[in-house]
Amino acid sequence: MKRILTGLQPSGELTIGNLIGGIKQMVNYQEEYESFMFVPDLHTITVPQDPTLLKKRIKSIVALYLACGIDPKKNTIYIQSENLYHANLSWILECHTYMGEANRMTQYKDKSKKVQNVSVGLLTYPILMAADILMYDADYVPVGIDQKQHVELARDIALRFNKKYGDTFTIPEPLIPKIGAKIMKLQDPTKKMSKSDENVKNSIFLLDTEEDIRKKIMSAVTDSENKVYYDVENKPGIANLLTIYSALANISIKEVEEKFKEANYQTLKKEVADLVVSTLLGIQKKYHTYMESTLIDEILDEGKRKTNKIAKEKYEDVLKKVGLGRI
Ligand code: ATP
Ligand code: LTN
């Protein structure tokens with residue numbers, strides 16, 4: 001059975017962009033593939049974090065995975081920092097990655113402009129991500145478009161390693177959703193919605209109240225034409241709302257356009273808000289139940305046990321091939 005793997009950083013409250021770009025794909029594919037869904041907490045400290053808040057978010061993100069439909073019977077769910085092999089493999093892969101490759105990553109270039117003291121971790125983060133993927137021989141990695149370049153780097157590193165030492169890693173492929181690969185900010189629909197945005201009006205968070213969701217969608221930036229059709233170039237705000245509707249209703253953009261062809265912006269926004277509210281309230285109800293149960297710890301203990309076993313084998317194979325240690 002082919003393997004699929006992804007993770008979402010506990011760097012803030014999850015948004016509908018994270019749901020559509022990352023989690024929903026995993027939910028759809030979990031029937032078909034052996035699935036690994038983890039919390040990449042080591043990635044999160046590439047920029048400064050409050051330790052108390054970070055710890056809370058780790059548990060919260062697992063509860064959200066479950067509430068969004070990630071089935072613990074079909075997925076191995078685990079925390080990255082509970083598996084020491086990730087960072088160790090990352091080091092070995094760092095030594096097989098060129099500075100030019102790391103420097104070229106657009107996310108690094110963007111994020112390093114925003115942070116004052118740029119950590120070395122921010123530069124090497126995509127290599128840790130490669131270790132996360134290659135450790136489990138993932139065939140597919142569902143991500144939003146912003147992470148495609150990182151998965152491609154993982155491919156390049158794997159190809160290089162296999163060529164030098166013999167077949168060791170499966171070559172992973174990114175899976176980008178057809179609809180919703182990049183949900184945009186509500187107040188600036190030319191930029192990606194992000195969970196660590198300073199302006200909370202830009203993002204719909206999975207745990208937002210109904211009132212906030214409605215307010216944010218009703219005040220989303222659009223244009224003055226008042227005609228609903230899909231045109232990313234000239235009508236990015238409307239295109240973004242149509243995309244959100246299409247992804248959450250599981251219907252094509254064409255069908256959404258057809259549904260709203262007579263509607264004005266007010267009506268479109270109200271319908272998008274209704275759909276987002278009903279989707280998120282359903283998720284929130286389940287989220288609170290999971291947060292109060294002991295299930296999360298049980299699932300994570302099992303995930304830790306299983307992934308440590310797989311990772312140990314892969315790591316020892318790598319050590320042997322590279323000529324390290326005594327094995
Ligand atoms: P941060 O603000 O900390 O950079 P983020 O909101 O951009 O976080 P990530 O943790 O980098 O989110 O991404 C988690 C997953 O969600 C990745 O697969 C990413 O591609 C996807 N994703 C993030 N934002 C969006 C978006 N706006 N549209 C679609 N997919 C997204
Ligand atoms: N960099 C990713 C999170 C991440 C990831 C991974 C995703 C870390 N390791 C491995 C897929 C596979 C992000 O979303 N920012």
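Note that ligands are numbered from 1 as they come in the structure, with each ligand's atoms numbered from 1 the same way.
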query: For atom 17 (C) of ligand 1, which candidate among M26, Q107, Q147 provides the closest heavy atom?
result: Q147
query: Should the proximity of S196 to ligand 1, defined as any heavy atom under 4.0 Å, be assigned to the side chain, the backbone, both, or neither?
result: both
- prompt: Hey, which atoms in ligand 2 end up nearer than 4.0 Å to a heavy atom of Y125?
  reply: 1 (N), 2 (C), 13 (C), 15 (N)
field: Electrostatic pair K185-D188, nearest N-O below 4.0 angstrom
entry: no
- request: Check each atom of ligand 2 against the heavy atoms of L5 and keep those under 4.0 Å away; list them by number with element.
  value: 10 (C), 12 (C)
Atom 9 (N) of ligand 2: the protein heavy-atom neighbour that sits closest, reported with distance to 0.1 Å: D132 OD2, 2.7 Å
- line: ligand 1 atoms nearer than 4.0 angstrom to some heavy atom of V143 are 18 (O), 20 (O)
- request: List every atom of ligand 1 that sits less than 4.0 Å from any heavy atom of L8, numbering the atoms from 1 in the order shown and giving each element.
  value: 14 (C), 15 (C), 16 (O)
message: Quick test: of every protein heavy atom, which one is nearest to atom 2 (C) of ligand 2, and how far off is it to 0.1 Å?
response: Q147 OE1, 3.5 Å
- prompt: What do you reckon, does D197 have a nitrogen or oxygen under 3.5 Å from a nitrogen or oxygen of ligand 1?
  reply: no
message: Quick one about K321 and T168 (side-chain donor to acceptor, distance below 3.5 Å, no hydrogens or angles considered), yes or no?
response: yes
message: Looking at D274 and K270, is any side-chain nitrogen of the basic one under 4.0 Å from a carboxylate oxygen of the acidic one?
response: yes
- line: In ligand 2, the atoms that come under 4.0 Å of a heavy atom of V141 are 11 (C), 12 (C)
- prompt: Heavy atom under 4.0 Å from ligand 1: found in K182's side chain, backbone, both, or neither?
  reply: backbone
query: Does D41 pair with R57 as a salt bridge, N-O distance under 4.0 Å?
result: no
message: So if I count the atoms of ligand 1 from 1 in the order they appear, which ones are less than 4.0 Å from some heavy atom of G180?
response: 29 (C)
- request: Before signing off on this row, confirm whether G7 and ligand 1 have an N or O atom pair separated by under 3.5 Å.
  value: no
- prompt: Nearest to atom 8 (C) of ligand 2, what protein heavy atom do you find, and at what distance?
  reply: H43 CE1, 3.3 Å
query: Any luck finding a side-chain donor-acceptor pair between S11 and Q49 under 3.5 Å?
result: no
Residue I133 vicinity, atoms of ligand 2 by number, heavy atom under 4.0 Å: 10 (C), 12 (C)
message: Under 4.0 Å from a heavy atom of A181: which atoms of ligand 1 are those, numbered in the order shown and with their elements?
response: 28 (N), 29 (C), 30 (N)
- request: With heavy atoms only and a cut-off of under 4.0 Å, state how K111 meets ligand 1: side chain, backbone, both or neither.
  value: side chain
Ligand 1 N/O within reach of M193 N/O, cut-off under 3.5 Å: yes
statement: If we number the atoms of ligand 2 from 1 as shown, the ones under 4.0 Å from a heavy atom of G7 are 3 (C), 4 (C), 5 (C), 7 (C), 11 (C), 14 (O)
field: Donor on one side chain, acceptor on other, Y165 and H96, under 3.5 Å
entry: yes
message: Test your reading of the structure: does G144 have an N or O sitting under 3.5 Å from an N or O of ligand 1?
response: yes
field: N or O pair under 3.5 Å between K195 and ligand 1
entry: yes
Numbered atoms and elements of ligand 2 in range of P40, under 4.0 angstrom, heavy atoms: 3 (C), 4 (C), 8 (C)
- prompt: So, D156 and R160, do they make that salt bridge, N to O below 4.0 Å?
  reply: no
query: What atoms in ligand 2 come closer than 4.0 Å to a heavy atom of T6?
result: 7 (C), 11 (C)
task: Note the single closest protein heavy atom to atom 22 (N) of ligand 1, along with its residue, its atom name and the distance in Å.
output: N18 ND2, 3.8 Å
message: Applying a heavy-atom cut-off of 4.0 Å, say which part of D146 lies close to ligand 1: side chain, backbone, both or neither.
response: side chain
